[in-house]
Amino acid sequence: MRTRGFPPPDTDPAGAGALLSVDGLVKQFPGVRALDGVTLSVRPGEVHCLLGQNGAGKSTLIKVLSGAHTPDAGMIRWRGRPVAFPTPLAALRAGLATIYQELDLVDGLTVAENVFLGHERSRFGFSLRTKGNAEAAALLRRLGHPDIAPGRPLGTLPAAGRQIVSMARALSYDARLIVMDEPSAVLDAGEVDTLFRVVRQLTADGVAVVYISHRLDEIRQIGDRVTVLKDGRTVAAGLPARTTTTAELVRLMTGRTVEYAFGERAGPARRRELLRVNGLGRAGEFADVSFTVHSGEIVGLAGLVGSGRTEIVETVYGARRPTTGTVTVDGRRLRPGSVRAAVRAGLGLCPEERKSQGLFGEDPVYRNVSVASLARYATAGFVAPARELAAAARALTDLDVRPGDPRRPVRTLSGGNQQKVVLARWLVRGCRLLVLDEPTRGVDVGARTELYRLIRRLAADGVGVLLVSSEIPEVLGLADRVLVVADGRVVHEAPAADLTEADVLDLVLAERDTSGWQRANQGHSAVVPHDRSEEPT
Amino acid sequence: MSDEVAVPPVDEHARVERSGGAGSTWGGRLAAVRGLGLVGVLVVLGVVGVVTTHGRFLTGGNLVNILTSSSIVGVVTVGMTFVIIGGGIDLSVGALVALASVWATTLATQSLATSYGAWVMVFCAIAVGVGSGLFNGILIAYGRLVPFIVTLGMMVAARGLAQSISDRKTQLVTVQPINAIASGELFGIPLMVYLFAAVVAVGWIVLNRTTFGRRTFAVGGNAEAARLAGIDVRLHTALLYVVSGLCCGIAAIMIMALTTTGSSTHGDLYELDAIAAVIIGGTLLTGGRGTLVGSILGVLVFTTITNLFVLNNLPTEVQNIAKGLIIFAAVLLQRRGRASSA
Ligand SMILES: Nc1ncnc2c1ncn2[C@@H]1O[C@H](COP(=O)(O)OP(=O)(O)OP(=O)(O)O)[C@@H](O)[C@H]1O
Ligand SMILES: [Mg+2]
């Protein structure tokens with residue numbers, strides 16, 4: 001990347017030398033003041049981390065910066081000059097690129113077309129496909145993914161692949177500042193490593209990065225300075241990322257001290273076999289998977305993104321039809337490939353991709369919660385809205401969803417809170433076997449602890465839990481028994497207490513498939529144990 | 001998002017909120033704003049009517065006239081609203097009205113009706129509507145075909161079948177009780193209007209108060225999420241087309257009563273009128289959001305325009321231009337509403 005001249009030093013002493021400085025930014029949504037006086041100052045070439053609980057206003061802030069939302073008050077200075085980008089495209093052209101939390105890619109287009117969406121490589125209005133493909137391939141190579149073919153339809157890529165494509169898109173604009181909203185949420189350890197390498201390359205070229213993540217260990221690795229948001233306000237700006245203690249950060253974010261704990265494991269008492277999976281397989285995805293889940297037991301599936309964990313649990317749930325094998329609940333065989341049969345038998349799923357698989361964005365929160373148990377609030381097909389609302393409201397309070405108003409459209413909730421809404425759906429239904437695919441994705445530190453407690457509490461009440469998570473410490477900390485999945489097979493099964501993080505990583509990486517879209521290159525350096533590594537002082 | 005800068009954001013959101021608060025009690029939510037907007041349009045049209053027609057507009061007779069002429073396409077629109085909220089489209093409605101009216105007025109059916117009662121014809125029209133709807137639904141839901149194509153095929157085929165059954169001749173209705181539906185009145189209002197109101201009321205209750213209605217929103221809003229939540233998306237989709245077919249059957253009975261004929265030319269372009277009414281009523285063409293009240297207001301707006309043009313002796317070409325402009329305006333408004341809340 002070229003080095004360009006920087007603007008003359010700012011006259012404003014506070015934002016001196018800043019690439020981007022924001023002061024007193026306010027954004028009001030109906031009933032919620034999402035931003036209430038935010039201050040932020042980003043220097044060229046730094047990685048500036050943005051921390052805050054779910055709903056603190058991080059995504060809103062970056063949407064305002066990128067021109068997707070119009071601020072109600074406040075000042076944005078870009079390279080020393082006050083600006084108000086009217087559209088995201090204007091921001092992109094000025095050199096401010098954003099990777100949104102909810103990816104905005106077009107499934108029907110190819111990878112290259114997505115990368116250059118809005119600034120297609122063309123001459124006289126005719127698109128230059130070869131040129132576009134070649135440039136997209138170069139960008140993907142830079143991101144460590146030469147294996148993603150530029151001509152491949154985007155819809156065929158898994159979540160992590162899409163994340164890479166949307167990063168390539170940001171890079172394609174030759175940006176001075178790239179904002180990344182929870183980019184690591186869908187990536188596995190190795191890919192986070194690649195991401196960090198790219199980020200370091202960018203910053204070495206003088207590009208600044210604003211990095212949002214709920215994983216504090218990542219902030220330590222990649223961040224230079226930290227700004228903490230709470231309830232739409234900046235509570236701390238420009239803290240040193242490496243030396244500020246976890247306890248301090250958590251206190252700033254939550255206003256209290258949160259101990260990071262998984263809670264007590266329930267005793268092995270009164271366990272019955274709930275789920276038995278026998279020789280389950282799906283051509284091209286996974287094969288010969290057998291395991292059981294007992295009531296009150298948490299079984300974790302550890303493995304890399306793309307190893308087949310999601311495919312396995314979705315097949316158990318009936319969302320995919322198995323080619324071999326059986327799923328038995330309470331000794332009764334489930335009809336293969338039928339979600340309804342699974343739900344009737346007491347299964348519930350929180351799917352991996354919350355937006356496309358879990359939520360009815362236009363509908364209010366309470367309808368998203370009640371959708372799986374509507375019949376319960378209905379007499380002869382007529383829904384009693386009061387009962388429905390009350391049940392939903394109770395579950396939302398239980399999970400501390402904010403804002404708690406069950407009538408607002410679910411799409412206006414922050415990412416982590418949306419995740420809780422999907423969980424609430426199965427809580428109100430009261431299922432007997434909960435399938436959780438990446439349940440803490442995008443969930444903040446405080447809420448995470450609450451979720452862990454909740455999952456434990458459900459297990460203690462006799463619910464069986466099948467848990468998929470890319471965060472190995474989470475699987476080890478939460479599950480009673482762990483299945484390690486690699487390349488579509490269960491390669492190891494053991495009680496969680498007998499496994500360490502290094503064991504799991506070794507198992508996973510030993511089997512890592514070199515074919516397909518994923519590469520077998522990264523070491524494990526990126527995987528620092530979760531922020532348990534630092535004891536609160 | 002981008003075309004929103006001119007609008008002061010605070011006001012924009014405040015407006016959305018207010019309507020959302022008031023609307024949610026009635027299940028109307030955000031679209032209630034547009035409902036109110038359409039009421040405004042109706043009022044404006046009314047004022048125009050009063051000013052331009054020398055008192056011929058605001059008479060009881062004329063208002064009843066508007067309601068009566070809204071009633072048939074209105075019933076079809078109720079079914080269309082279900083289908084569109086559920087994420088589909090039904091182009092075959094006009095042809096189904098024609099087919100049902102023809103089938104119910106063949107010599108064979110009418111002679112059965114004379115010996116067993118008019119119910120035979122009613123049953124026949126409804127059975128044709130429901131049957132064809134089921135056929136649409138099965139192809140779309142279980143055959144995984146695109147609704148646009150399936151119902152386009154049905155539109156052509158049903159109209160053709162109606163022509164071949166009737167031999168392109170208009171069939172007179174000789175069974176009196178059917179004709180009485182159109183001529184009957186209660187408190188000076190034709191039975192047709194009551195029938196229309198009843199269909200709307202039942203439709204509203206089903207859409208907003210039953211599990212079926214809820215699932216319609218869910219299936220249209222996000223079919224994959226609905227499936228993973230345990231809803232039988234395919235069965236539900238098929239049923240939506242059955243609902244639409246049922247409404248076509250009812251509309252066929254009404255048109256037979258009003259014109260005292262069954263004909264393969266009945267219901268011409270109903271699909272366009274109904275879809276247009278649904279859209280200007282604020283229902284998203286992509287599904288998942290919409291209101292029945294909005295659709296009905298849409299129908300009333302269109303009929304009122306027609307009425308005004310007739311009263312003023314203006315040519316139908318101008319009338320069609322006006323209708324087209326209203327559709328553009330409504331869709332622009334819809335984009336706006338979505339953009340501001342995105
Ligand atoms: N379009 C919208 N309409 C109304 N309220 C909104 C809208 N978008 C966001 N909000 C509200 O603004 C607040 C801030 O949300 P935001 O998405 O910025 O949080 P966040 O810090 O990114 O959280 P997370 O970590 O969960 O992603 C939340 O209370 C959210 O409900
Ligand atoms: Mg966010």
Side-chain angles (χ1 to χ4, degrees), chain A residues 27-31 63 67-72 84 86-90 314 317-319 338-344 347-349 351 353-364 367-368 370-375 377-378 380-385 388 407-409 411-412 422 425 429, chain B residues 1-21 23-27 29-31 85 205-206 208-215 217-235 284 286-290 338-342:
Chain A
K27 176 72 191 173
Q28 176 80 41
F29 284 121
K63 281 184 189 155
H69 282 325
T70 325
D72 297 327
T87 66
L89 195 61
E314 286 189 359
Y317 186 66
S338 166
V339 173
R340 279 170 62 72
V343 170
R344 280 222 197 88
L347 270 65
L349 168 77
E353 293 207 34
R354 137 185 97 218
K355 190 177 174 190
S356 63
Q357 298 184 293
L359 291 174
F360 306 97
E362 298 291 341
D363 280 352
R367 289 195 181 189
N368 273 277
S370 65
V371 66
S373 42
L374 263 187
Y377 315 110
F382 286 85
V383 181
E388 180 192 7
R407 287 190 186 186
R408 72 176 25 238
R411 99 190 115 71
T412 67
V422 180
R425 176 180 303 163
R429 194 183 155 88
Chain B
M1 309 173 186
S2 48
D3 38 2
E4 266 307 298
V5 258
V7 183
V10 179
D11 291 348
E12 184 76 25
H13 289 292
R15 221 183 314 137
V16 171
E17 185 191 24
R18 234 177 293 130
S19 61
S24 51
T25 8
W26 297 96
R29 301 202 313 280
L30 207 137
I85 290 179
I205 290 171
V206 171
N208 295 297
R209 286 285 177 269
T210 67
T211 52
F212 183 85
R214 285 305 183 68
R215 290 183 180 141
F217 282 99
V219 167
N222 188 342
E224 174 67 1
R227 186 175 80 97
L228 292 180
I231 294 175
D232 191 338
V233 174
R234 278 189 281 180
L235 176 66
L284 282 187
T286 45
R289 197 169 85 186
R338 263 184 80 66
S340 68
S341 49

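Bear in mind that the values here come from a model prediction, so they are computed numbers and not experimental data. Just so it is clear: chains get the letters A, B, ... in the order the sequence lines come, proteins before strands, and each one is counted from 1.
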Taking every non-hydrogen pair under 4.5 Å, which of B:V206, B:I205, B:D232 racks up the most with chain A?
B:D232
Looking at B:A225 and A:G358, what are the two nearest heavy atoms and their distance?
CB-C, 3.7 Å
Sidechain-backbone polar pair: B:R214 side chain, A:V371 backbone, donor-acceptor under 3.5 Å
no
Give a yes or no answer on whether the side chain of B:N222 reaches the backbone of A:L359 with a donor-acceptor pair at less than 3.5 Å.
yes
Distance check, rounded to the nearest 0.5 Å: B:T211 atom OG1 versus A:E388 atom CD?
10.5 Å
Residue A:S356 versus chain B: region with a heavy atom under 4.5 Å:
backbone
Below 4.5 Å from any heavy atom of chain B, which atoms of A:Y377 appear? Answer side chain, backbone, both or neither.
neither
Can you tell me which portion of A:V383 sits under 4.5 Å from chain B's heavy atoms? Options are side chain, backbone, both or neither.
both
Closest non-hydrogen atom pair, A:A319 against B:L228:
CB-CD2, 3.4 Å
Smallest heavy-atom separation, B:A229 atom then A:A372 atom, equals O-CB, 3.6 Å
Where the side chain of A:R340 meets the backbone of B:G230, is there a donor-acceptor pair that is under 3.5 Å apart?
yes
Examine whether an atom of A:A378 lies under 4.5 Å from a heavy atom of chain B, and if so say whether it belongs to the side chain, the backbone or both; otherwise answer neither.
side chain
Which bit of B:A223 comes within less than 4.5 Å of chain A, counting heavy atoms only: side chain, backbone, both or neither?
neither
